[in-house]
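Letters go in sequence order (proteins before strands), and every chain restarts at 1.
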Amino acid sequence: MAEPALALVQSSPSPARAQIAFDNVALTLGGKAIIDTISLEVAPGEILCVVGASGCGKTTALRLAAGLYEPTGGSVRFEGEPMRAPRREIAVVFQDYGKALLPWRSAAGNISLALETIGMPAQQREARITELLAKVGLAGHAAKYPTEMSGGMQQRLQIARCLAQDPKVLLMDEPFGALDAMTRQGLQDEMLALVASTGATVVFVTHDLEEAIYLGDRVVGLLPHPGRVGLELTVDLPRPRDQLATREHPEFLRLRRALFDFIKASE
Amino acid sequence: MRWSVIGWRLASFVVAAGLIALWQVAADQRLVSPVFLPGPDRAWASLMRGFTSGDLLAKLMGTLTHMAYGWLLASIGGVALGAMIGSSKAMRSYVAPTLELLRPLPVSAIIPVAIAALGLSQGMALFVIAFGSVWPMLLGTIHGFAAVEPRLYEVARVLHMSRLAVILKIALPSAAPDILAGMRLSLTVALILAVVCEMLAGLDGLGQWVLLSARAFRSADLFAGVMLLGLIGYVTALAMGAAESRLLRWQAARR
């Protein structure tokens with residue numbers, strides 16, 4: 001079931017093995033072409049980061065992958081099957097954690113929502129909740145309401161709720177965009193460790209180019225109006241990544257330059 | 001902090017006690033004829049007599065029953081109807097004009113219609129109380145359901161929650177502050193209408209007690225009834241407030 005480790009990631013996945021595949025996907029909303037066209041494949045266990053200037057349709061592409069939008073052209077496939085609606089194997093981490101959490105439920109209650117929905121019997125939930133809270137570094141905060149938590153803690157809670165779905169794919173929409181730099185770096189490393197331990201596939205949308213290189217196995221740059229793929233970079237940096245060593249690596253700097261040039265040219 | 005709370009409580013008791021003392025003085029000085037204004041001593045004695053030897057307890061229970069049934073019916077109906085209307089944009093646009101037409105209708109104007117249709121019966125009282133007190137609940141629920149954070153519906157879609165689960169676990173708790181505020185407002189309306197119905201239809205209750213006492217110039221009994229009605233209003237509002245702050249603990253955390 002779970003992919004063992006990120007080390008097994010292939011740089012060029014074969015179509016049959018793709019976890020998520022975009023096949024000439026186009027999306028027109030209200031007569032306006034938002035995406036035209038994207039073809040992409042994400043291999044199981046891969047971390048794919050998506051960057052692009054604002055208005056390039058990064059978030060829209062993620063919503064297509066989640067099944068929250070249906071493409072008006074082409075198809076989105078999950079393990080070879082066309083996607084028509086959201087599926088439980090695919091969890092979405094929204095940027096606005098404050099809106100995505102239930103304010104009337106405690107941390108434990110918010111995780112329980114996912115467990116209730118997948119039909120876990122009540123007597124098993126508590127142990128699983130404790131385990132998930134510990135996993136995201138929120139042990140001992142089970143009874144707190146989201147509003148009593150810092151932004152970083154709330155986002156961790158949302159990630160824990162997504163993990164409660166036992167997802168094969170984590171779709172993350174600028175999850176750390178609203179957090180301060182120190183919290184963001186901490187969460188980046190925690191997320192990498194979590195993903196390595198679960199073997200989940202990740203599609204990570206961000207406007208932070210360095211974050212994309214730091215986290216990703218591959219970075220895709222989208223061009224705006226309408227959204228389409230303009231650049232694809234394979235990130236050949238050793239794992240586990242390190243906030244200092246990785247960011248000083250010559251390859252990191254080379255990729256950074258390439259991405260900055262791409263964004264500048266696309267604007 | 002605690003001491004200031006105690007201080008305020010004390011002050012409010014002093015004010016109430018002062019008013020009662022003033023009432024006693026006014027009655028003793030016969031500023032108003034004792035036929036119309038009994039002193040608090042006489043009203044209290046009448047209250048005690050009503051409970052020990054009279055049927056005041058039965059009247060009190062009568063009013064409480066009318067109020068509770070009508071209010072509960074309005075709560076269940078209002079929340080159910082409000083949930084239905086509030087969770088669908090189409091329903092909102094179909095039903096909203098009708099509701100706007102019915103809502104400002106004075107309930108007192110409905111009573112003759114209800115009496116013609118249902119007679120001077122408990123059913124009539126139930127209908128009138130429920131009809132009059134349903135509005136705050138209904139409108140609160142509609143508003144609460146319409147104002148649910150859209151992101152939460154997306155979370156529900158991603159989790160594959162059933163329609164029922166979405167209503168019970170997301171929409172209802174999200175609308176709870178609006179619904180509970182409506183329920184608190186309705187409580188007062190239900191009490192008023194219970195008394196009015198008892199007066200008009202001669203149903204067993206404090207409304208009838210007060211009316212008959214007034215007609216017979218038994219002012220002490222009249223005041224005993226009014227005091228009891230005030231007490232009902234006060235106690236039910238307190239209970240509702242306690243239920244509210246318990247159910248909305250999570251909002252206290254926000255502040």
Side-chain angles (χ1 to χ4, degrees), chain A residues 59 62-63 65-70 83-120 141 143-149 154 157-158 161-167 169-173, chain B residues 75 79 82-83 86-89 137 140-184 240-255:
Chain A
T59 295
L62 198 80
R63 294 172 69 85
L68 288 167
Y69 285 152
E70 236 186 297
M83 287 252 302
R84 303 234 175 280
R87 10 185 351 140
R88 280 198 192 132
E89 297 100 317
I90 303 178
V92 183
V93 179
F94 294 101
Q95 175 182 10
D96 42 6
Y97 40 79
K99 291 179 176 174
L101 294 169
L102 310 183
W104 55 85
R105 284 196 182 209
S106 64
N110 266 285
I111 296 178
S112 177
L113 181 80
L115 298 178
E116 289 158 27
T117 313
I118 61 171
M120 179 179 279
H141 296 289
K144 280 206 175 128
Y145 289 102
T147 42
E148 296 173 295
M149 300 173 136
Q154 289 185 43
L157 178 57
Q158 199 195 171
R161 186 174 69 193
C162 287
L163 294 178
Q165 280 176 256
D166 259 328
V169 177
L170 267 176
L171 302 177
M172 308 181 92
D173 185 9
Chain B
S75 300
V79 172
S87 54
S88 144
K89 210 171 235 166
M137 254 102 71
T141 311
I142 293 175
H143 177 261
F145 266 65
V148 175
E149 171 57 48
R151 183 67 84 217
L152 290 180
Y153 284 137
E154 283 183 357
V155 169
R157 276 182 72 198
V158 170
L159 283 172
H160 267 241
M161 287 170 72
S162 67
R163 242 188 115 80
L164 185 69
V166 172
I167 290 178
L168 293 181
K169 292 179 183 173
I170 291 185
L172 262 182
S174 167
D178 289 311
I179 294 174
L180 287 169
M183 288 175 92
R184 187 152 36 87
M240 191 67 213
E244 235 179 307
S245 56
R246 181 159 173 70
L247 285 167
L248 303 179
R249 288 193 300 289
W250 57 275
Q251 280 202 324
R254 172 173 297 183
R255 282 178 214 123

Side-chain donor-acceptor pair under 3.5 Å between A:N110 and A:R161, yes or no? yes
Part of B:S162 within contact of chain A (heavy atom distance under 4.5 Å): neither
So which part of B:I170 gets closer than 4.5 Å to some heavy atom of chain A, the side chain, the backbone, both or neither? both
Main-chain N/O of B:A181 paired to B:R184 side chain as donor or acceptor, under 3.5 Å: no
Treating B:T141 as the side-chain partner and B:M137 as the backbone partner, does any N or O pair qualify as donor plus acceptor under 3.5 Å? yes
Relative to chain B, which of A:L101, A:D96, A:I90 shows the most heavy atom pairs under 4.5 Å? A:D96
Going by salt bridge (charged side-chain N to carboxylate O under 4.0 Å, His left out), name the residues that satisfy it together with A:R88, two or more places apart in sequence or in a different chain. none
Go through the atoms of A:A114 and report whether side chain, backbone, both or neither lie under 4.5 Å from a heavy atom of chain B. both
